[in-house]
Undergrad: 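Okay, here's the structure, questions in a sec.
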Amino acid sequence: MTQHTGALPAAMGDADLEVTRFRDDLLAGLTSDPKSIPSKYFYDALGSRLFEEITELEEYYPTRTELAIMERRVDAMVALLGPRCLLVEYGSGSSLKTRVLLDAMERPAGYVPIDISAEHLSDSARRLAGHFPELPIHPVAADYTAPFDLPEVEFDERRTVVYFPGSTIGNFKPSEARLFLDRMRRVAGPDGGLLIGVDLRKDVSLLEAAYNDERGVTAAFNLNLLRRTNRELGATFELDTFRHEAVYDAEEGRIEMHLVSLAEQCVRIADRTVHFDEGERIHTEYSYKYTLDGFADLAAAAGLAVRRVWTDEANLFSVQYLEEKCECR
């Protein structure tokens with residue numbers, strides 16, 4: 001077993017490569033019809049702070065509801081995780097829910113937080129290291145929606161569990177979510193598991209209010225995509241010529257977030273000029289909401305079986321534990 005000191009390793013990442021990928025993804029999305037920007041680019045340092053502010057809003061039910069589920073059911077969850085578990089978290093964020101989990105786990109072997117924002121990740125991991133000084137923590141700055149390498153650290157673990165809190169699985173189209181679940185299943189291995197947050201279908205008014213808060217924090221979060229593009233790529237977006245829009249598509253079972261152009265305009269990005277008609281939309285995020293049966297079917301298509309489900313009393317949100325399906329006959 002590798003001996004770990006109190007020093008926290010730096011998050012791994014390549015800033016130049018990330019900027020190049022951001023430029024290429026942005027231009028590909030904005031020259032498509034309809035226009036789009038991948039939602040993973042919300043999370044620069046400011047975007048991550050704005051999202052943390054969103055999670056504290058009165059209208060935004062997912063975070064407080066999931067946290068309450070975690071606090072009430074954590075003993076049952078860690079019993080399934082078992083002792084000497086290596087916890088690999090996708091999208092570590094502020095780690096509030098992770099702290100609840102780690103506090104209750106029996107002799108965790110280590111913690112690997114993965115997040116696309118290296119600055120936010122390092123700050124979060126450093127705070128967590130202060131709370132758990134004996135826990136080996138190895139942050140990885142990476143786009144977890146694409147293949148990435150886990151750190152080459154020898155952990156004395158019995159099993160690996162991938163932790164994916166929040167409602168981020170809903171940001172993928174169902175076909176993409178199936179592939180992503182399959183990738184997480186492979187990271188966990190045949191003896192591992194997944195602990196995942198899944199937002200549930202509910203009254204439309206509650207859903208739309210959660211993504212259109214009165215203080216305008218979600219709007220600022222959405223518009224920060226354009227601010228980031230100006231800062232990192234030298235683009236010429238004028239933020240006051242776009243507005244935030246979030247609506248629920250009942251047929252698809254998803255919230256759709258857009259940035260809407262308020263005028264006909266042209267924007268320079270790198271060496272390209274992108275034209276916008278008045279009223280033209282940039283799609284920035286989907287947030288699918290599931291029924292319990294619907295998510296179980298999606299998991300099964302990825303080779304996973306739902307073993308336990310915990311929900312709040314109003315069935316607004318769920319935390320689910322999954323394992324690889326047994327093909328024994």
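For the numbers below, each heavy atom of this structure counts, side chains included, while hydrogens, waters and symmetry mates do not.
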Undergrad: If only atom types and distance count, is the side chain of R307 paired as donor or acceptor with the main-chain N or O of L80 below 3.5 Å?
TA: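 A pair under 3.5 Å: no.
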Undergrad: Would you call the rings of F172 and F180 parallel, tilted or perpendicular, where under 30° means parallel and over 60° means perpendicular?
TA: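 Correct class here is parallel.
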Undergrad: Taking the inter-plane angle between the rings of Y144 and Y90 on a 0 to 90° scale, is it parallel (under 30°), tilted (30 to 60°) or perpendicular (over 60°)?
TA: tilted
Undergrad: Looking only at heavy atoms, what is the nearest atom pair of Y321 and G192, with distance?
TA: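 Minimum heavy-atom separation between Y321 and G192: OH-O, 4.3 Å.
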Undergrad: Please step through side chain to side chain contact (heavy atoms under 4.5 Å, CB included) for the pair Y60 and D213, ending with a clear verdict.
TA: CA-CA 8 Å; Y60 194 77; D213 62 278; over 6 Å; no
Undergrad: Between R272 and L27, is there a donor-acceptor pair closer than 3.5 Å when you use the side chain of the first and the backbone of the second?
TA: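 Not a single qualifying donor-acceptor pair exists.
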Undergrad: Could you check whether Y43 and F221 have their ring centres less than 6.0 Å apart?
TA: yes
Undergrad: Where is the tightest heavy-atom contact between V187 and V162, given as atom of each residue plus distance?
TA: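 Scanning both residues completely, I find the closest heavy atoms to be CG1-CG2, 3.9 Å.
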Undergrad: Are the side chain of K202 and the backbone of L200 linked by a donor-acceptor contact shorter than 3.5 Å?
TA: yes
Undergrad: Which atom pair, heavy atoms only, marks the closest approach of L50 to V217?
TA: O-CG1, 3.8 Å
Undergrad: Quick one: CZ on R99 to CE on M70, what's the gap to the nearest 0.5 Å?
TA: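 Reported value, rounded in 0.5 Å steps: 13.5 Å.
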Undergrad: With under 30° as parallel and over 60° as perpendicular, where do the rings of Y286 and H283 fit, or are they tilted in between?
TA: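 Ring orientation, 0 to 90° scale: tilted.
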Undergrad: Can you tell whether the side chains of E256 and R254 come within less than 4.0 Å, N to carboxylate O?
TA: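 Yes, charged N to carboxylate O under 4.0 Å.
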Undergrad: Are T291 and R201 linked by a side-chain donor-acceptor pair shorter than 3.5 Å?
TA: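 No - no donor-acceptor pair under 3.5 Å links their side chains.
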Undergrad: Using side-chain heavy atoms (C-beta onward) and a distance below 4.5 Å, is K97 in contact with E66?
TA: yes
Undergrad: Please tell me whether V74 and L135 are part of a single hydrophobic cluster in this structure, the criterion being side-chain heavy atoms less than 4.5 Å apart.
TA: yes
Undergrad: Is a salt bridge present between R127 and D123, judged by a nitrogen-to-oxygen distance below 4.0 Å?
TA: no
Undergrad: With hydrophobic residues grouped by side-chain heavy-atom distances under 4.5 Å, do V247 and L262 end up in a single group?
TA: no
Undergrad: So do the side chains of I114 and E89 get within less than 4.5 Å of each other, counting heavy atoms only?
TA: no
Undergrad: Does E323 pair with R159 as a salt bridge, N-O distance under 4.0 Å?
TA: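 Yes, this pair counts.
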Undergrad: Measure across F317 and I69 and return the closest heavy-atom pair with its distance rounded to 0.1 Å.
TA: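 Here F317 and I69 meet closest at O-CD1, 3.6 Å.
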Undergrad: With rounding to the nearest 0.5 angstrom, report the CD to CG distance, Q320 to L304.
TA: 11.0 Å
Undergrad: Assess the residue pair K173 and Y288 against the criterion (side chain to side chain donor-acceptor pair (under 3.5 Å)); give the C-alpha distance rounded to whole Å, side-chain angles, the decisive distance to 0.1 Å, and a yes or no.
TA: CA-CA 8 Å; K173 294 180 180 178; Y288 281 84; over 6 Å; no
Undergrad: Does the side chain of V88 come within less than 4.5 Å of V140's, by heavy atoms?
TA: no
Undergrad: Hydrophobic clusters here meaning ILVMFWY residues chained together by side-chain heavy-atom distances under 4.5 Å, can you tell me if F164 and L292 are in one?
TA: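 Looking at the clustering, L292 is in the same group as F164.
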Undergrad: Take E324 and R186, measure what side chain to side chain contact (heavy atoms under 4.5 Å, CB included) needs, and give me the verdict at the end.
TA: CA-CA 9 Å; E324 187 167 301; R186 295 174 188 275; over 6 Å; no
Undergrad: Can you tell if the side chain of P139 reaches within under 4.5 Å of the side chain of P113, non-hydrogen atoms only?
TA: yes
Undergrad: Is any side-chain heavy atom of R281 closer than 4.5 Å to a side-chain heavy atom of E245?
TA: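 Contact flag for R281/E245 side chains = yes.
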Undergrad: Between the main-chain N or O of L121 and the side-chain N or O of S124, is there a donor-acceptor pair closer than 3.5 Å?
TA: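 No.
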Undergrad: Are any side-chain N or O atoms of D115 and backbone N or O atoms of A141, one a donor and one an acceptor, separated by less than 3.5 Å?
TA: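 Side chain of D115 to backbone of A141, a donor-acceptor pair under 3.5 Å: no, none is there.
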Undergrad: Can you spot which of Q265, E264, E280 makes a side chain to side chain donor-acceptor pair (under 3.5 Å) with H275?
TA: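 Answer after filtering Q265, E264, E280: E264.
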Undergrad: Is the shortest heavy-atom distance from the side chain of N222 to the side chain of F242 under 4.5 Å?
TA: no
Undergrad: Run the salt-bridge test on R215 and E53 with the 4.0 Å N-O cut-off and return the result as yes or no.
TA: yes
Undergrad: Quick one: does D249's side chain have a donor or acceptor within less than 3.5 Å of a partner on E252's backbone?
TA: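 It does hold such a pair.
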Undergrad: Are the side chain of R64 and the backbone N or O of L57 linked by a donor-acceptor pair below 3.5 Å?
TA: yes
Undergrad: Any chain of hydrophobic side-chain contacts (each under 4.5 Å) joining V260 to L239?
TA: no
Undergrad: Can you name the nearest heavy-atom pair linking A104 to D75, along with the distance?
TA: CB-OD1, 4.5 Å
Undergrad: What distance separates R228 CZ from L223 CG, expressed to the nearest 0.5 Å?
TA: 15.0 Å
Undergrad: Would you check if the side chain of R183 reaches a backbone N or O of T145 as a donor-acceptor pair within less than 3.5 Å?
TA: yes
Undergrad: Relative to the ring of Y41, is the ring of F22 parallel (under 30°), tilted (30 to 60°) or perpendicular (over 60°)?
TA: tilted
Undergrad: Taking atom types as modelled, find out whether Y211 and S287 have a side-chain donor-acceptor pair closer than 3.5 angstrom.
TA: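 Side-chain D/A pair, Y211 to S287: present.
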Undergrad: Report yes or no: does R243 contribute a side-chain atom to a donor-acceptor pair with the main-chain N or O of L259 at less than 3.5 Å?
TA: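 Judged by distance alone, no pair lies under 3.5 Å.
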Undergrad: Step through it carefully: locate the ring centre of F51, locate the ring centre of F42, and say whether they are under 6.0 Å apart.
TA: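 Distance test on ring centres: not under 6.0 Å, no.
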Undergrad: Are the side chains of L181 and I196 in contact, using a 4.5 Å heavy-atom criterion?
TA: yes
Undergrad: Are the charged groups of D25 and K40 less than 4.0 angstrom apart, N to O?
TA: yes
Undergrad: Could you measure the distance from the OG atom of S318 to the CZ atom of F295? Nearest 0.5 Å is fine.
TA: 7.5 Å
Undergrad: Would you sort out whether L207 and Y61 count as a side chain to side chain contact (heavy atoms under 4.5 Å, CB included), showing the intermediate values?
TA: CA-CA 9 Å; L207 280 170; Y61 63 86; 3.3 Å; yes
Undergrad: Answer yes or no: is there an ion pair linking R21 with D24, defined by an N-O contact shorter than 4.0 Å?
TA: no
Undergrad: Using 0.5 Å steps for rounding, measure from the CZ atom of R72 to the CG atom of D312.
TA: 7.0 Å
Undergrad: Check step by step if side chain to side chain contact (heavy atoms under 4.5 Å, CB included) holds for V319 and R73.
TA: CA-CA 10 Å; V319 178; R73 303 298 186 188; over 6 Å; no
Undergrad: Are the side chains of L30 and I37 in touch, meaning some heavy atoms are under 4.5 Å apart?
TA: yes
Undergrad: Check the hydrophobic clustering (I, L, V, M, F, W, Y; side-chain heavy atoms under 4.5 Å; chains of links allowed) and say if V19 and L226 are grouped together.
TA: yes
Undergrad: Using atom types as modelled and distance alone, determine if a side-chain donor or acceptor of N212 lies under 3.5 Å from a backbone N or O of E208.
TA: yes
Undergrad: Got a second to check how far I282's CD1 is from S261's OG, nearest 0.5 Å?
TA: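 Here the interatomic distance stands at 7.5 Å.
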Undergrad: Considering only NZ, NE, NH1 and NH2 on the basic side and carboxylate oxygens on the acidic side, decide whether D44 and R231 come within less than 4.0 Å.
TA: yes
Undergrad: Between A210 and T218, which heavy-atom pair has the shortest distance, and what is it?
TA: O-OG1, 4.3 Å
Undergrad: Salt-bridged, D199 to K289, with N to O below 4.0 Å?
TA: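 Salt bridge present between D199 and K289.
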